[in-house]
Amino acid sequence: MKSKFLLTFLLVLGPFFVWSQYANLRFTPAQPKPGDIIQFEYDPSGTPLENAATITPAIFLYDGNIRAAEVTASKTNGKWTGNIPTNDTAKALLIAFKQDNNMDNNKEQGYSLLLMQDNKPVKNAAIGLASLNNFGSSMLDMNIKPETNLALYSREFEIYPELKTLYAVQYAYLLMRADKENGKKKTEELIETVQQKADKTEADYITLQNLYAALKDNHQVAQIKNKIRELYPKGTTAKSDLTYALYEEQDPEKQIRMLDTLQKNFPAMNAADKKAYASLRKRLYGQAAFNAGVAGKWASFNKYILKTESNTALALAYNEAAWELSGKGLKQKGDSLKFAKTLSTKALASIKKELAAPVNKPDYQTKADYLQGLEYTLGNYMDTYALILWKLNERSAAYQAQEEAVQKTGKRNTDIIERYLTFKAGIKGKNAVKQELEELIKEGTGTATLKELLKSSYVSENKSEKGYAAYLENLLAVYRVKLKETLRKQMINEPAPRFALQDLDGKEVSLEALKGKIIVADFWATWCGPCRASFPGMQIAQNQLKDDPDVAFLFVNTREGVKPEEIAPKVGNFIKKYEYSFHVLLDADSKVAESFAVNGIPAKFLIDGNGNVRFKVIGFNGDTDNLVEEMKAMIEVMRNRPVK
């Protein structure tokens, strides 16, 4: 059945791959060649950007690498137009349209185009688009199913069959994810094709090794790896082994010595190799300076900071050393604060130097996006500087610096906002921050610290705590109304993949058995920092709903990264240590996470009583109170009645 589905999928999408025209986006020429200037005409009607006053195209080209295109759009008669330059090696492009935090990414699929030659896509165009799709998952909030990329690979091989062996590994992994019934058989056929080659090269053996890895045949993987090491002691695998060991090493000074050995044993053969070695060395010097500064090893810090050429790496090393000395917050006492101020000043100077003349921009970012990121980073470093000034009793300067930090970070960092309002209250009085605190709570950014500041302001004004609880509840009520309005617009309706997993007691729990309930499925791992940070909030949410018979929380442990037999003890000990009362399920082979297309964790899926996903939440922003409010509001919206 799956093979028939895939064939149908290909037949349906075949014309799409060639023409790539959309109801609200047109390209001219319709079949552009590499090197052409492509004009686009975008009609935002009916999209999230329908009323946008300005629009920024986010355009990425694939030419063997992914590169951001510097393109602007102008508006005429309600439509946005612009020109996309391509080079002679361009193969595919991916587009989304943005305005601030709003984006039209074609319902998480992106707008795409294959470049053509002789009435067919150029070689590597479809595979290039698959790479862009993967890139778009993180950069453009896209959600591309494995079947889509598998169809692209199949399309490529249909036109250029000679590429099938070259891209066999990527193809095999997609087969195993998207075509589970036949993926193993087709991967074994790929293995047989490579095995039959008479004069196999190291690249062929590496392909075989990786194909067996796709099948999770660790015995064959080990055997082939040993054979490669025997046949090619100075080959690609030997170099990869040394490189992998270098990255695994935690001591930056040892890493630098390992890089010396790597470069000696595998000298640069071309300009690209020289660039890669130089880039890696700069990065390691920056990391060594960073680690030494955090550890307070100032002789080593000074040694490596002199060899750190990158402005951004210098800024990071200086800032983190200064942050460590600052006490890392208002509650902790700082150390060597005058020295910390000197380091922080150098961090600001380094990042401003990069802003004035950017030299470290990666190809996959536009200059505008890169500069925007640097401005945000500058805001974070201003926060460090302001904290040090405050502790040095330079309070007026600290307040001014913190105000700038808030502006540059766009009020997205609650820690920075907390310090800003603390400084403002200290300089201008508690009543001076009351209105801002009220607005923040009504917007949903009322952390515990901000609520304490508001309470202090309230008591200062009213000379009593009487009435504060009701006053706070009224502010939160405004937020809850807005939150539910927003959530209703964000609600989706997608069938949840069916699953059955064992819990820590060895009992099987299935989605089918919980039909009729609202399920909160939280995918996590013990090594995941944001997962751990979100758990206190998830515990509060679960506690507040523990007596609700219509709601069930499931904490699906996945991608734990240890042997299957080690997962249950490790996860059980973690839950016991932190005294969480979670119902934990074990996704030992990560297949359930794959079926939900989980790209990053924590990932929360709220599933209604009919088995449909209505909300999905990726990541955690650090605000425990807000997490609890959002979980409760989503559940309330799903069943359209108040949560008790």
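It should be emphasised that the depicted structure is a prediction, and the values quoted were computed from it without experimental measurement.
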Side-chain donor-acceptor contact under 3.5 Å, S310 with T312: yes

Where I417 and V406 come nearest, the two heavy atoms and their spacing: CA-CG2, 4.4 Å

Separation of Y420 OH from M382 CE (nearest 0.5 Å): 13.5 Å

Other residues, nucleotides, ligands: >12 heavy atoms within 6.0 Å of Q39 CD: yes

Side-chain ion pair, K591 and E594, N-O less than 4.0 Å: no

Audit row: N599, I618, side-chain contact (heavy atoms from CB on, under 4.5 Å) steps and yes/no: CA-CA 9 Å; N599 292 319; I618 310 299; over 6 Å; no

Pairwise side-chain contact, T409 with D383, heavy-atom cut-off 4.5 Å (strictly under): no

Residue pair L115 / Q117, side-chain heavy-atom distance below 4.5 Å: no

Derivation of the side-chain contact (heavy atoms from CB on, under 4.5 Å) call for N24 and D104: CA-CA 11 Å; N24 60 325; D104 175 15; 3.8 Å; yes

Main-chain N/O of I492 paired to R614 side chain as donor or acceptor, under 3.5 Å: yes

Exam field: side chain T366 to backbone A68, donor-acceptor pair closer than 3.5 Å: no

Neighbour count >12 (heavy atoms, 6.0 Å) for atom OH, Y370: yes

Distance-only side-chain donor-acceptor flag, N149 / N134, under 3.5 Å: yes

Verdict with supporting geometry, L371 and D369, side-chain contact (heavy atoms from CB on, under 4.5 Å): CA-CA 5 Å; L371 292 177; D369 285 343; over 6 Å; no

V551 and R639, any side-chain heavy atoms less than 4.5 Å apart: yes

CZ-NZ distance between F596 and K616, expressed to the nearest 0.5 angstrom: 11.0 Å

4.5 Å side-chain heavy-atom contact, S112 and L132: no

Inter-residue atom distance F135.CZ - L140.CG, 0.5 Å rounding: 7.0 Å

Exercise: do D141 and N105 side chains pair donor with acceptor under 3.5 Å: no

Pair D623-T414, side chain to side chain donor-acceptor pair (under 3.5 Å): steps then yes or no: CA-CA 8 Å; D623 189 338; T414 52; 5.6 Å; no

Distance-only side-chain donor-acceptor flag, N626 / Y479, under 3.5 Å: yes

Candidate list F499, F523, F615, test ring-ring contact (aromatic ring centres under 6.0 Å, His included), partner F605, passing option: F523

Which donor-acceptor pairs under 3.5 Å do the side chains of residues 93-100 make with protein atoms, sequence neighbours left out?
none

Polar side-chain atom of T624 near backbone of G537 as donor-acceptor pair, under 3.5 Å: no

N/O donor-acceptor pair under 3.5 Å between D587 side chain and A593 backbone: yes

Where G35 and D88 come nearest, the two heavy atoms and their spacing: CA-OD1, 3.8 Å

For V613 against A496, the heavy-atom pair lying closest together: CG2-CB, 3.7 Å

Residues E494 and K145 bridged, charged N to O under 4.0 Å: no

Heavy-atom side-chain proximity of L175 to N182 below 4.5 angstrom: no

Test log, rule side-chain contact (heavy atoms from CB on, under 4.5 Å), inputs R559 and V598: CA-CA 11 Å; R559 299 172 184 168; V598 173; 3.9 Å; yes

Under 3.5 Å donor-acceptor, N87 side chain and T89 backbone: yes

Residue K442 excluded, over 12 heavy atoms near NZ under 6.0 Å: yes

Heavy-atom neighbours of K33 NZ exceed 12 at 6.0 Å: no

Identified salt bridge (charged side-chain N to carboxylate O under 4.0 Å, His left out) partner of K484 from the options E636, E629, E630: E636

Exam field: side chain E354 to backbone V359, donor-acceptor pair closer than 3.5 Å: yes

Side-chain donor/acceptor of N210 to backbone N/O of V169, under 3.5 Å: no

Within-4.5 Å side-chain heavy-atom neighbours: P602 and M538: no

F40/Y111 aromatic ring centres below 6.0 Å: no

Closest contact, heavy atoms only, D522 versus W524: O-CD1, 3.4 Å

Whether over 12 other heavy atoms sit under 6.0 Å from K275 NZ: no

Parallel, tilted or perpendicular: ring planes of Y153 versus F157, cut at 30 and 60 degrees: perpendicular

Rounded distance (nearest 0.5 Å) linking atom CG of N133 with atom CD of Q109: 8.0 Å

Donor on one side chain, acceptor on other, Y42 and T47, under 3.5 Å: yes

S137 side chain vs N143 backbone, donor-acceptor pair below 3.5 Å: no

Close side-chain approach of M634 and K604, heavy atoms under 4.5 Å: no

Heavy-atom neighbours of I37 CD1 exceed 12 at 6.0 Å: no

Shortest non-hydrogen contact from E156 toward A126: OE1-N, 2.9 Å

Between CD on residue E50 and CG on residue D43, distance to nearest 0.5 Å: 8.5 Å

Residue pair N124 / Y62, side-chain donor-acceptor N/O under 3.5 Å: no

Electrostatic pair E41-R26, nearest N-O below 4.0 angstrom: no

For the student: nearest non-hydrogen atoms of A448 and D625, plus distance: N-OD2, 3.6 Å

CG/N101: more than 12 non-hydrogen atoms of other groups inside 6.0 Å: no

Student check: side-chain heavy atoms of Y160 and K120 closer than 4.5 Å: yes

Straight-line distance of L483 CG to R488 CZ, nearest 0.5 Å: 9.5 Å

Side-chain ion pair, E512 and R498, N-O less than 4.0 Å: yes

